[in-house]
Amino acid sequence: MKRIRKAVLPVAGLGTRFLPATKAVPKEMLTVVDRPVVQHVVDEAREAGIEHFIFVTGRGKAVIEDHFDISYELERTLQERNKTEAYEALRKDLPAAGQTSFTRQQEPLGLGHAVWCAREIVGDEPFAVILPDMLSRGSMVQMLEAYEQHGGNIIAVEEVAPDQTHQYGIVSVGEQFGDTFEITGMVEKPPKGTAPSNYIISGRYILQPEIFSILERGERGAGGEIQLTDGMKRLSETQKFYGMHYRGKTYDTGSKLGFLVANLAYGLERPELCDALKQEIEALLAKG
């Protein structure tokens, strides 16, 4: 069983739900407190032991590449002004040389197509897929633990209220093993009242490289796009899939409400902000 070393981060989306903010700034570079969303996701993956980050980008996303590169002028200025703490924080966030790769998705043909675009960099080994919109501390650590237990393909899942299942990809639950279980089926956004469970696919995957030959067929699914869920369903005919029940909280920063809640949650965890932020929230609620 090969170790998971690489992660694919699809960052080519246009971020239309956040216009006009995302007209010139990639949605992945919007900040949760003082760190871009994509930096939070990379932090999570590095903590889990991921060594190589493969960004699938599009036009207008060069600033993401710049963010994960050295900024000589900025670093020199920080050093000259004796801003040692800020300088060291910048250096700490940088992946080591050779640990980032960038490839283009020239057309918006869906998540499955974005993952397929990374095939040559991933090569013939299992890999992670991390959706940068979804912030969930510790999820990748739990994912790799599940992979060590079962091998195969792993999908992170969370529970939602039954009346919300039509908004998500849903998995069917087979034999259970504590916080993991065998997945016996998958469906994308089932009509209300038809979902096989209330476990949603929550933006973290570990996949075997055979997924690439399936995605290469270019079969279109919902919205006329090449859907990753459809590819996984086809792969599940020959390989095992397991669900990892993430016990934490995932924040969907791709939605306005999720983005605001993430800023509040992460802000409340910061000792230098917590008390003052609570007071501001209480004052706003009192006015409401």
* How long is the gap from CZ on Arg17 to OG1 on Thr253, to the nearest 0.5 Å? -> 9.0 Å
* To do: Show your working on side-chain contact (heavy atoms from CB on, under 4.5 Å) between Ile183 and Ile155 and close with a plain yes or no.
  => CA-CA 9 Å; Ile183 292 175; Ile155 300 175; 3.9 Å; yes
* Taking it one step at a time, do Asn153 and Tyr205 satisfy side-chain contact (heavy atoms from CB on, under 4.5 Å)? -> CA-CA 8 Å; Asn153 304 271; Tyr205 314 80; over 6 Å; no
* Give the cluster check for Tyr246 versus Leu135: same hydrophobic cluster or not, with ILVMFWY residues linked at side-chain heavy-atom distances below 4.5 Å. => yes
* Structure fact -> Rounded to the nearest 0.5 angstrom, the CG-CG distance for Leu268 and Asn263 is 10.5 Å
* Measure from the ring center of Tyr199 to the ring center of His245 and say whether it is less than 6.0 Å. => yes
* **salt bridge (Lys or Arg N to Asp or Glu O under 4.0 Å) partners of residues 109-138, not counting sequence neighbours, each pair once** => Arg5-Glu125, Lys6-Glu125, Lys27-Asp133, Arg137-Glu269
* Structure fact -> Residue set satisfying ring pair (Phe, Tyr, Trp, His ring centres under 6.0 Å) with Phe55, at least two apart, ordered chain then number -> Phe68, Phe102
* In terms of the angle between their ring planes, are Phe212 and Phe127 parallel, tilted or perpendicular, with boundaries placed at 30° and 60°? -> parallel
* Pair Glu210-Gln239, side chain to side chain donor-acceptor pair (under 3.5 Å): steps then yes or no -> CA-CA 9 Å; Glu210 288 77 14; Gln239 294 188 10; 3.1 Å; yes
* Have Gln39 and Asp43 got a donor and an acceptor in their side chains that come within less than 3.5 Å? -> yes
* Asked: NZ/Lys278 to CG/Leu264 distance, rounded to the nearest 0.5 angstrom?
  -> 12.5 Å
* Does the distance from a Lys or Arg side-chain N to an Asp or Glu carboxylate O, for Glu28 and Lys61, drop under 4.0 Å? -> yes
